[in-house]
Amino acid sequence: MGFQVLNLIPLKIRRVWGLLHIISYAVVKRPSVGLVRKFGEGVPAQLPSSSSHRVYDLGDITYAKAVHMKALQYLLYGVKMLIDNYPECAKSITILNAPFYFAWSFAVIKPILPFSVTQKMRIYGKDGWKESLLKDIDANDLPAYLGGKKTDPDGNPNCDTFIQHGEIVPKSYYRQNGGKRLVLEPYAEKLSVMPFSKEEITFEVKEANSSIGWEFEIKKGDIDFSLIFREEIPEDLEPVELIPKQRIDTSFEYEKGCFKCEKIGNYTMVFDNSYSWLHSKEVRYRAGIRNPKNNELFESARH
């Protein structure tokens with residue numbers, strides 16, 4: 001029988017703790033390739049998802065990590081991505097060594113879990129899970145540290161040769177604050193966005209396949225950014241959201257992007273601070289339209 005052990009939760013929580021210092025949430029949400037490691041002798045390369053048993057060990061989760069808002073954001077997005085793309089990826093889901101405060105984190109995730117997933121879940125504290133795993137998985141396939149008989153060739157019960165355990169991200173990988181670059185740029189524009197408000201920068205694209213390019217940074221804090229499109233004719237059409245609203249933090253590096261404008265019309269960058277009650281946001285930016293023929297900038301941003 002094929003067997004799949006994922007030390008996924010401690011791996012994600014511990015690495016997410018480091019990811020908070022490495023990349024922004026917006027970068028995490030960009031399309032990525034997921035890797036699944038399969039274990040056991042004779043397991044086929046394309047193991048049917050319905051025959052996999054998933055084990056999540058929460059033994060290393062501290063209270064601070066379990067309730068950290070940014071870590072929950074990462075986890076919530078990851079769970080939603082799995083459900084949207086792989087709704088039947090497991091025959092059973094066993095969560096072991098769950099601390100009492102795990103209930104608070106689970107309360108955030110549970111509303112997005114379909115019944116077909118929750119009915120497969122079994123949650124245990126420090127006791128009772130070994131017997132449960134052995135009912136589903138043969139002892140010869142189950143690693144010794146999970147109550148089975150399988151070990152590494154040298155007898156290591158943690159089976160490090162075929163299970164990639166979660167590790168803490170080294171601090172040498174953390175992002176470094178190199179200072180604000182666009183503040184020093186003579187051609188960078190300044191934009192102030194008050195609390196409960198938003199500011200728009202609109203481009204009139206007159207030639208199809210032009211490109212809009214931008215780079216910006218916030219002096220302090222974060223801001224919601226999106227790109228919308230309105231056709232010039234007819235004017236009563238609803239705007240189309242080309243880049244969904246996402247919260248951007250430029251504490252460690254400025255945000256840079258571009259978009260190919262396949263249609264003629266008005267393209268609007270939106271800096272939205274309506275979620276903030278007290279703090280205004282100062283944005284330094286450069287943006288413009290590039291010619292599709294020679295890539296030269298022929299119109300700068302207008303606010």
Side-chain angles (χ1 to χ4, degrees), residues 23-32 73 76-77 80-81 84-85 112 180-183 185-251 253-303:
I23 55 178
S24 67
Y25 181 55
V27 172
V28 171
K29 293 183 69 175
R30 292 170 185 165
S32 59
Q73 278 185 323
L76 190 63
Y77 178 75
K80 186 178 185 301
M81 181 176 63
D84 290 344
N85 295 280
I112 69 170
K180 301 297 184 182
R181 188 182 70 85
L182 292 180
V183 172
E185 290 287 342
Y187 300 108
E189 300 286 342
K190 178 181 176 180
L191 181 67
S192 296
V193 189
M194 303 302 292
F196 294 109
S197 67
K198 59 184 178 181
E199 297 290 341
E200 297 182 348
I201 301 170
T202 300
F203 303 88
E204 184 182 359
V205 174
K206 300 177 181 180
E207 189 170 350
N209 295 319
S210 299
S211 296
I212 294 177
W214 63 84
E215 54 185 26
F216 67 87
E217 63 188 14
I218 305 102
K219 183 176 181 180
K220 186 177 181 181
D222 52 26
I223 201 163
D224 284 346
F225 174 79
S226 61
L227 180 69
I228 60 176
F229 169 71
R230 295 183 179 90
E231 293 192 50
E232 291 185 332
I233 301 174
E235 296 182 354
D236 58 345
L237 284 178
E238 288 294 323
V240 178
E241 190 175 52
L242 301 175
I243 297 180
K245 181 189 297 185
Q246 51 187 305
R247 193 151 300 175
I248 304 295
D249 184 348
T250 62
S251 299
E253 60 182 353
Y254 67 94
E255 183 72 11
K256 185 176 182 178
C258 64
F259 189 89
K260 184 177 181 180
C261 307
E262 297 180 348
K263 296 182 178 181
I264 297 173
N266 292 319
Y267 292 78
T268 301
M269 299 192 309
V270 182
F271 294 95
D272 193 341
N273 194 35
S274 57
Y275 61 90
S276 178
W277 289 26
L278 300 174
H279 303 289
S280 60
K281 306 294 171 63
E282 181 180 312
V283 181
R284 295 276 183 166
Y285 70 91
R286 293 193 307 178
I289 306 173
R290 291 194 175 275
N291 190 309
K293 298 177 182 178
N294 55 25
N295 202 36
E296 290 184 356
L297 185 70
F298 58 73
E299 182 180 337
S300 59
R302 58 186 177 88
H303 169 52

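Note that these values count all heavy atoms, side chains included, but never hydrogens, waters or copies made by symmetry.
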Can you confirm whether Asn266 sits close enough to Phe229 that some side-chain heavy atom of one is under 4.5 Å from a side-chain heavy atom of the other?
no

Do Leu191 and Tyr285 pass the side chain to side chain contact (heavy atoms under 4.5 Å, CB included) test, and can you show the C-alpha distance, the side-chain angles, and the key distance before you say yes or no?
CA-CA 8 Å; Leu191 181 67; Tyr285 70 91; 3.8 Å; yes

Less than 4.5 Å apart, any side-chain heavy atom of Asp249 and any of Ile223?
no

Counting distance only, does the side-chain N/O of Asp224 pair as donor-acceptor with the main-chain N or O of Val270 below 3.5 Å?
no

Which atom names give the shortest non-hydrogen contact between Pro195 and Ser276, and what distance separates them?
CB-O, 3.4 Å

Output the distance between atom NZ (Lys281) and atom CE (Met194), rounded to the nearest 0.5 Å.
11.5 Å

Please report the closest heavy-atom contact between His279 and Asn273, naming both atoms and the distance.
O-ND2, 2.9 Å

Any Thr250 side-chain heavy atom under 4.5 Å of Ile218 side chain
yes

Might you work through the side chain to side chain donor-acceptor pair (under 3.5 Å) test for Thr268 and Thr202, ending with a clear yes or no?
CA-CA 4 Å; Thr268 301; Thr202 300; 3.1 Å; yes

What pair of heavy atoms forms the shortest contact from Ile228 to Glu241, and how long is it?
CG2-CA, 4.1 Å

Do Phe203 and Tyr267 make the cut of ring centroids closer than 6.0 angstrom?
no

Between Arg284 and Glu282, is there a side-chain N and carboxylate O pair less than 4.0 Å apart?
yes

For Phe225 and Trp214, I'd like to know if the aromatic rings sit close, meaning centre-to-centre distance below 6.0 Å.
yes

Begin from the C-alpha positions of Ile289 and Val205 and carry the test side chain to side chain contact (heavy atoms under 4.5 Å, CB included) through to its verdict.
CA-CA 8 Å; Ile289 306 173; Val205 174; 4.1 Å; yes

Indicate yes or no: at least one non-hydrogen side-chain atom of Val283 is less than 4.5 angstrom from one of Glu217.
no

Holding to side-chain hydrogen bond (donor to acceptor under 3.5 Å, both in side chains), I want the full list of residues that pass it with Ser197, two or more places apart in sequence or in another chain.
none

Just by modelled atom types, is the Glu207 backbone N or O under 3.5 Å from a matching donor or acceptor in the Ser210 side chain?
yes

Is the Phe216 ring parallel, tilted or perpendicular to the Phe271 ring (thresholds 30°, 60°)?
perpendicular

With a 4.5 Å limit on heavy-atom distance, are the side chains of Cys261 and Ile212 in contact?
yes

With Asp272, the salt bridge (charged side-chain N to carboxylate O under 4.0 Å, His left out) member among Arg247, Lys245, Lys198
Lys245

Quick one: closest heavy-atom pair of Pro244 and Ser226, and the distance?
C-CB, 4.1 Å

